[in-house]
Protein chains: 2
Amino acid sequence: MAKKQSQKDLTTEEKIKEAASKVFQKKGFSGTRTRDIAEEAGLNLALINYYFRSKQKLFEIIMAEKLSSFFMDFIPLLLSEDSSPEEKVRLVSENYINLLLENPDLPVFVMSAVHNNPKHFANIVKGAELIQDAPLVAQLKKINPNMKFEHFFMNLMALCIFPFIIRPAISLISKPIRKNFETLMQERIELIPMWMQQMVKQK
Amino acid sequence: MAKKQSQKDLTTEEKIKEAASKVFQKKGFSGTRTRDIAEEAGLNLALINYYFRSKQKLFEIIMAEKLSSFFMDFIPLLLSEDSSPEEKVRLVSENYINLLLENPDLPVFVMSAVHNNPKHFANIVKGAELIQDAPLVAQLKKINPNMKFEHFFMNLMALCIFPFIIRPAISLISKPIRKNFETLMQERIELIPMWMQQMVKQK
DNA sequence: GTCTATACAAAGATAGAC
DNA sequence: GTCTATCTTTGTATAGAC
């Protein structure tokens with residue numbers, strides 16, 4: 001009944017996805033050979049084509065899953081009734097930045113995949129519609145009736161995620177600024193809620 | 001003497017770069033076949049290999065150029081002595097957003113290229129070092145001695161660029177929010193300077 | 001020095017045996 | 001469901017015409 005199985009006792013299909021996810025994230029789409037995935041999974045090359053129609057399809061399936069959890073995870077946080085806007089923003093920043101610190105390549109990986117195939121965003125639209133009626137929107141409107149919540153959400157995401165996208169640059173520059181990337185992001189966990197609060201109050 | 005030539009009177013090398021830039025932006029690196037580029041340029045396939053060593057090299061050269069102008073263009077704006085921080089931020093937002101509205105795929109294109117090959121950022125480091133000593137930093141410190149300028153620059157970039165990265169999602173969602181992407185970005189040209197000003201004042 | 005035609009090799013996809 | 005052998009596409013290299 002349970003699809004979850006212990007370590008080595010995975011379906012062939014799951015083994016492929018596991019291996020593919022690993023190799024894709026390390027080498028990108030074009031850098032990955034289906035032969036690499038087969039080897040990583042300890043399986044025959046042809047099985048990849050048997051279970052998934054093509055390298056592209058396999059990639060898209062993995063993307064859709066990653067993307068889904070990537071955006072969906074924070075929707076419950078925003079939907080909560082009994083926390084203040086400040087608390088919600090703080091929760092989102094903290095959870096996201098910590099999640100991304102553990103998977104720093106995820107944003108670029110996901111974003112470029114989506115760019116090549118926007119339909120991956122299909123699931124996300126539902127999430128966006130949920131947010132429209134979230135208590136948070138009402139709470140924000142109460143603080144500032146002019147608040148434009150589409151900018152609010154976009155800015156919150158931007159401030160959390162964008163640094164990971166330009167991380168290669170930050171690492172290069174981090175010598176002059178004498179701070180490593182992780183430290184910078186830890187600071188932002190504290191700073192983002194404050195910035196967001198200012199934004200809401202304004203105008 | 002002038003390397004710039006009119007329309008159809010381009011060097012073979014320039015024709016290839018022109019065509020490649022177009023096709024790469026449309027189809028991404030792996031989606032582009034060297035044969036597509038040759039066809040787009042109206043040239044023989046082998047010329048790509050003759051002028052540039054490989055598809056990869058050609059891609060990197062185009063990337064380096066795009067990236068360079070992408071980040072370098074706004075450094076002079078920040079270096080100016082005789083404008084206020086507010087004016088500088090306003091100029092950067094306006095110029096960038098308008099530039100990107102004309103090349104909306106550029107950010108994802110550049111970002112994923114850089115992600116695959118961080119050395120493309122080499123030129124940018126120089127720019128970052130220039131910024132360290134920019135009058136703007138002094139101006140900001142005067143307003144708020146605690147201002148962390150690395151966050152300031154990162155936030156300014158994030159607020160301008162990030163929306164373009166998630167543009168496919170915004171387009172899907174734009175039905176519920178009844179605004180198209182361009183309108184949203186025009187609003188941001190006005191809003192970003194205000195948000196940034198709040199950030200500087202705070203703490 | 002430029003360009004055309006063609007050959008070659010790597011890698012994704014598939015047919016068919018088991 | 002899995003594997004072997006094969007086909008096809010595509011990046012790369014070369015030989016030779018102009």
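Protein chains get the first letters and strands the later ones, always in sequence-line order, with residue 1 at the start of each.
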Colleague: What I want to check is whether the side chains of A:E13 and A:T11 have a donor and an acceptor closer together than 3.5 Å.
Modeller: no
Colleague: Should A:V200 and A:Q197 be marked as a side chain to side chain contact (heavy atoms under 4.5 Å, CB included) after you check the CA-CA gap, both sets of side-chain angles, and the distance that decides it?
Modeller: CA-CA 5 Å; A:V200 176; A:Q197 206 171 341; 5.9 Å; no
Colleague: Looking for any heavy atom pair under 4.0 Å, which part of the strands does B:I48 touch: base, sugar-phosphate only, or nothing?
Modeller: nothing
Colleague: Looking for any heavy atom pair under 4.0 Å, which part of the strands does B:R53 touch: base, sugar-phosphate only, or nothing?
Modeller: sugar-phosphate
Colleague: Measure from the side chain of B:L47, starting at C-beta and using heavy atoms only, and say which of C:dA13, C:dT4, D:dC3 lies closest.
Modeller: C:dT4
Colleague: Could you state the atom-to-atom distance from OH of A:Y51 to P of C:dA13 in whole Å?
Modeller: 17 Å
Colleague: Find the distance B:R33:CZ to D:dT8:C1' and express it as a whole number of Å.
Modeller: 12 Å
Colleague: Between C1' on D:dT12 and CZ on B:F59, what's the gap in Å once rounded to a whole number?
Modeller: 18 Å
Colleague: Whole Å only: how far is the NZ atom of A:K55 from the P atom of C:dT14?
Modeller: 15 Å
Colleague: May I ask you to evaluate whether B:N44 reaches the phosphate of C:dT2, defined as a side-chain N or O under 4.0 Å from OP1 or OP2?
Modeller: no
Colleague: How about A:F164 and A:F181: are their ring centroids closer than 6.0 Å?
Modeller: yes
Colleague: Among D:dG1, C:dG12, C:dC3, which nucleotide sits nearest the side chain of A:Y50?
Modeller: D:dG1
Colleague: If the threshold is 4.0 Å, N to carboxylate O, is there a salt bridge linking A:D105 and A:K26?
Modeller: no
Colleague: Side-chain N or O of A:T34 versus OP1/OP2 of C:dA11: is the shortest distance under 4.0 Å?
Modeller: no
Colleague: Is any side-chain nitrogen or oxygen of A:S54 closer than 4.0 Å to OP1 or OP2 of C:dG12?
Modeller: no
Colleague: Measure CZ/A:F52 against P/C:dT14 and give the value in whole Å, please.
Modeller: 15 Å
Colleague: Could you check how far CG of B:L45 sits from C1' of D:dT12, rounded to whole Å?
Modeller: 9 Å
Colleague: Decide, yes or no, whether a salt bridge links A:K22 with A:E40 under the criterion of side-chain N to carboxylate O below 4.0 Å.
Modeller: yes
Colleague: Reckon B:N49 has a side-chain N or O less than 4.0 Å from the OP1 or OP2 of D:dA13?
Modeller: yes
Colleague: Hey, is the side chain of B:T12 poking within less than 4.0 Å of OP1 or OP2 on C:dC3, counting only N and O atoms?
Modeller: yes
Colleague: Taking 4.0 Å as the cut-off, does a side-chain nitrogen or oxygen of A:R35 come that near to OP1 or OP2 on C:dG12?
Modeller: yes
Colleague: Quick one: A:I16 CD1 to C:dA13 C1', roughly how many Å, whole number?
Modeller: 14 Å
Colleague: In whole angstrom, give the distance that lies between atom NZ of A:K15 and atom C1' of D:dC3.
Modeller: 15 Å
